[in-house]
Each structure stands twice: as structure tokens, then as C-alpha cells.
Novice: 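Below is one structure. I have some questions about it.
None of the values given here were measured: they were computed from a predicted structure. FYI, the numbering just counts along the sequence from 1.
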Amino acid sequence: MISNRHFSILELVPIAPSSISTHQLQQKLLERDFDISIRMLQRDLQSLYEQGGFGLEKDMRSKPYGWSINAQWRGSNSKVMSTEVAEHYLLLEQLLPQSVPSDVKRSVHTKAEQALKRLNGHVPEWLATLPKSSLKVKIDNQLVAQIEHAIKHKRVVSAELYRVLYDEAHWLKFTELSFYNLVEQGGVLMAQFMVGTLHDKCYQMPVYRIRNIHILQKTRREPSNEQLKSLRSAINKGMSQEAIELVVKAPSHSAVNQGFIELGELTYKQQIDDKNVLLTYQTIDSEQLTDELFKCANWLEVIKPEKLRQRIVRKFQAAANIYK
């Protein structure tokens with residue numbers, strides 16, 4: 001991952017045909033409290049240039065060299081993606097609601113791929129462990145059709161799965177998967193499958209974390225009753241199934257009101273003043289829902305049910321006691 005100094009260098013280099021000299025860049029960096037020598041700056045620029053992943057170009061027609069960012073690489077109005085923006089794009093991709101048009105989803109997916117590259121494949125721990133049970137995500141209909149075809153014709157497939165290993169995100173190639181079911185869980189379409197010939201366990205994963213499916217001319221393996229029982233036990237562990245009416249107060253400009261975060265089925269929306277709205281959901285009370293609301297509690301207030309509101313209050317009190 002590039003350092004904050006490297007990020008600042010890339011952000012200050014103009015888009016071609018404009019350019020900047022090393023001395024000019026050194027002065028701009030000094031204004032950002034990066035006091036580095038010309039020699040160190042030259043080494044940084046050369047390193048970023050040789051990596052070839054940042055659109056950095058060097059004009060060697062005269063000295064001192066001029067540095068610029070290829071206009072095709074960055075685009076006329078965009079900036080180098082910051083770590084914070086990259087994390088937000090990865091989160092946004094996970095939280096896209098079903099109502100978002102396909103072209104918007106493709107645009108966000110493109111940005112999320114750039115974000116993953118910006119973070120060198122490292123997904124923040126808070127994002128990698130974010131509960132997905134109550135989030136609604138639009139999926140690729142063609143991908144679903146391929147999975148349904150594999151199930152119907154009892155075929156093994158090869159595919160890539162999105163996995164987070166040791167805090168690093170990867171698309172991992174699996175040469176043999178046996179899909180046997182598609183289920184909806186909390187608004188997310190999940191694929192149930194077995195892996196390879198040496199695994200005896202059943203697995204479940206959101207469909208949007210699967211890509212590049214190819215049907216193989218093999219008969220898929222069928223899970224046993226014991227395997228299915230183990231999978232169901234893992235899925236249901238710690239999950240409450242009580243249906244509740246959730247009412248929250250949120251800013252009008254918030255991700256919840258804009259539809260990027262769905263806490264259940266939205267049944268009613270009321271504008272209560274210039275800045276805030278009341279949103280009513282039909283949803284399932286679970287620990288995952290509590291965690292999601294707690295993460296947003298600095299700007300989102302739970303109005304009802306009272307027991308859920310008090311649960312979050314107790315979490316705040318426990319956190320406050322730790323920091324006393």
C-alpha cells in the first residue's frame with residue numbers, strides 16, 4: 001500500500017498536458033507538512049513511475065523533468081482515490097439496494113474494483129466482518145441463471161469466490177464447485193455449495209461474491225443429511241427470528257434515507273423537519289441488526305421498539321465505561 005506521502009505526491013501532480021517540476025512539487029508538499037529532500041522526492045517519483053499503476057508520466061525532453069498524470073488514466077475531473085474514499089466504495093458496493101439501476105451498480109462495481117487496487121487488496125477489518133444478514137443486494141441475473149442451470153442439470157462448475165484471508169481480499173479460483181440450492185436470507189440471495197472432492201462440509205455465500213462461472217461436464221456431488229444439518233446449524237446459530245417494526249430517525253442526506261443501506265422492508269417514510277426523516281421498516285430482530293444500528297448510532301436514532309433502543313443504550317454505556 002502506498003504511503004500518505006506517496007498519495008499526496010500523486011494528488012499534487014497535474015493532469016497532462018500540464019506538468020510540474022520536482023522543485024515545484026517539493027514546495028507544494030512542504031505546504032502539506034511533508035518536508036523531504038529533492039533526492040528523496042526524486043526517488044519517490046521514480047518508484048511510482050516504475051510501478052506503472054498510477055498513470056504517472058515523465059517528460060524527459062528537458063531538465064528538470066516535468067511530471068504529469070496521463071489524462072486517460074485519471075480522467076479530466078477526478079482525483080487520486082484516498083484510502084477513506086476507497087473504503088466507502090467497498091462499503092457502498094456491499095450495501096447497494098435492490099432498487100438501484102443496473103448501470104449504477106456497474107459504475108459502483110468499477111469504482112469498488114479501483115478501490116480494492118488502491119488498498120492493495122487489503123479490506124479493513126471492520127468492513128470484512130460487517131454482518132450482511134439484513135442487507136439487500138442487487139445480483140447479476142445471468143450469474144443466477146448459470147447457477148440455476150447447474151443445479152437443474154446436476155453439473156459441477158468452476159468459479160471464482162471473493163474471500164478475505166488474513167485481512168486480504170482475493171478472488172480465488174475454485175476448479176470444482178457443486179451448487180445444490182439458492183436461498184434468500186435477510187434479503188440477500190445466497191448460494192449453497194460443496195467444494196472440490198476432498199471437502200465434506202457444505203458452504204453458503206452471497207451470490208454477488210461469486211463470478212466467472214463455467215459449467216463442467218461432471219455430475220455434482222449431493223450433500224448428505226448430516227452435512228445439511230451442519231450447514232443449517234451454522235446459519236441459524238445466534239440468529240433471532242422475531243419480526244419487529246423498526247422506526248428510526250435519520251438525516252435526510254444519510255445513506256439510509258438515500259436507500260444505500262436497507263434495514264429491512266421500508267413501509268413508511270415521514271419528513272419531520274428540514275433535516276430529518278422518520279423511516280419505518282418491517283424487519284427481523286437479530287444481533288446483526290443491533291450491530292448495524294450501533295455502528296450508525298452517532299447519526300441514526302432508534303425510536304422503536306423500545307427494547308432495541310435500550311439494547312443500543314446499554315452498548316453505549318458499556319463502551320463509555322471502558323473509556324472512563
Novice: Please test Lys275 against His253 for side-chain contact (heavy atoms from CB on, under 4.5 Å), starting from the C-alpha separation and ending with a verdict.
Specialist: CA-CA 8 Å; Lys275 297 182 179 180; His253 65 271; over 6 Å; no
Novice: What are the two closest heavy atoms between Arg309 and Val302, and how far apart are they?
Specialist: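 So the two residues come closest at NH1-O, 2.6 Å.
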Novice: Taking the side chain as C-beta and beyond, is there a heavy-atom pair between Ile303 and Glu301 under 4.5 Å?
Specialist: yes
Novice: Is there a chain of hydrophobic side chains (I, L, V, M, F, W, Y, each step under 4.5 Å between heavy atoms) that links Trp299 to Val247?
Specialist: no
Novice: Measuring from Leu41:CG to Ile9:CD1, what's the distance to the nearest 0.5 Å?
Specialist: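 Rounded to the nearest 0.5 Å, the CG-CD1 separation comes to 5.0 Å.
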Novice: For atom NZ of Lys173, decide whether the heavy atoms of other residues, nucleotides or ligands shown that lie under 6.0 angstrom number more than 12.
Specialist: yes
Novice: Answer with yes or no whether the hydrophobic clustering places Val144 together with Ile215; edges join I, L, V, M, F, W, Y residues whose side-chain heavy atoms lie under 4.5 Å apart.
Specialist: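 Yes, because Val144 and Ile215 connect within a single hydrophobic cluster, where side-chain heavy atoms sit under 4.5 Å apart.
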Novice: Starting from Met60, can I reach Val13 by hopping between I/L/V/M/F/W/Y residues whose side chains sit under 4.5 Å apart?
Specialist: yes
Novice: Are any of the side-chain heavy atoms of Phe179 and Ile213 separated by less than 4.5 Å?
Specialist: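 Yes. Closest side-chain heavy atoms under 4.5 Å.
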Novice: In plain terms, say whether Lys249 and Asp273 are close enough for a salt bridge, that is, a side-chain N and a carboxylate O under 4.0 Å apart.
Specialist: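 No, Lys249 and Asp273 are not salt-bridged.
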Novice: Tell me whether His153 at atom NE2 has more than 12 heavy atoms from other residues, nucleotides or ligands lying less than 6.0 Å away.
Specialist: yes
Novice: For the residue pair Asp35 and Leu29, establish whether any side-chain heavy-atom pair is separated by less than 4.5 Å.
Specialist: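 Not touching, per the 4.5 Å side-chain cut-off.
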Novice: Hydrogens and angles aside, do Ser230 and Gln227 bring a side-chain donor and acceptor to less than 3.5 Å of each other?
Specialist: no
Novice: Do Trp67 and Asp59 have side chains that approach each other closer than 4.5 Å (heavy atoms only, starting at C-beta)?
Specialist: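 Result no, sub-4.5 Å side-chain heavy-atom pair not found.
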Novice: Less than 4.5 Å apart, any side-chain heavy atom of Ser252 and any of Gln271?
Specialist: yes
Novice: Quick check: do Leu228 and Tyr180 have side-chain heavy atoms less than 4.5 Å from each other?
Specialist: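 Counting from C-beta outward, Leu228 and Tyr180 do come under 4.5 Å.
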Novice: Do NZ/NE/NH1/NH2 and the carboxylate oxygens of Glu306 and Lys304 come within less than 4.0 Å?
Specialist: no
Novice: Would Thr290 and Arg311 count as having a side-chain donor-acceptor pair, cut-off 3.5 Å?
Specialist: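 Side-chain D/A pair, Thr290 to Arg311: present.
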Novice: Give a yes or no on whether Met40 and Leu10 share a hydrophobic cluster (residues Ile, Leu, Val, Met, Phe, Trp, Tyr; joining criterion: side-chain heavy atoms under 4.5 Å apart).
Specialist: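 Met40 clusters together with Leu10.
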Novice: To the nearest 0.5 Å, tell me how far Ile312 CD1 sits from Arg314 CZ.
Specialist: 10.0 Å
Novice: With respect to Gln192, which candidate in Asn181, Ile151, Leu182 satisfies the side chain to side chain contact (heavy atoms under 4.5 Å, CB included) definition?
Specialist: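 Output: one option passes, namely Asn181.
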Novice: Side-chain heavy atoms under 4.5 angstrom apart, residues restricted to Ile, Leu, Val, Met, Phe, Trp, Tyr: same cluster for Leu216 and Tyr203?
Specialist: no
Novice: When rounded to the nearest 0.5 angstrom, what is the spacing between CD in Gln27 and OG1 in Thr22?
Specialist: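 Atom-to-atom, Gln27:CD and Thr22:OG1 are 12.0 Å apart.
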Novice: Does any non-hydrogen side-chain atom of Met190 lie less than 4.5 Å from one of Pro206?
Specialist: yes
Novice: Show the numbers, then the answer: is there a side-chain contact (heavy atoms from CB on, under 4.5 Å) between Phe174 and Val195?
Specialist: CA-CA 8 Å; Phe174 287 83; Val195 181; 3.6 Å; yes
Novice: Ring centroids only, cut at 6.0 angstrom: are Phe294 and Phe316 within range, meaning strictly under it?
Specialist: yes
Novice: Go through it in stages, so that I can follow the logic: the residues are Val277 and Ile272, the test is side-chain contact (heavy atoms from CB on, under 4.5 Å), and I'd like the CA-CA distance, side-chain angles, deciding distance and then a yes or no.
Specialist: CA-CA 5 Å; Val277 295; Ile272 56 177; 5.8 Å; no
Novice: Just wondering, do Val156 and Leu177 contact through their side chains at under 4.5 Å, heavy atoms?
Specialist: no
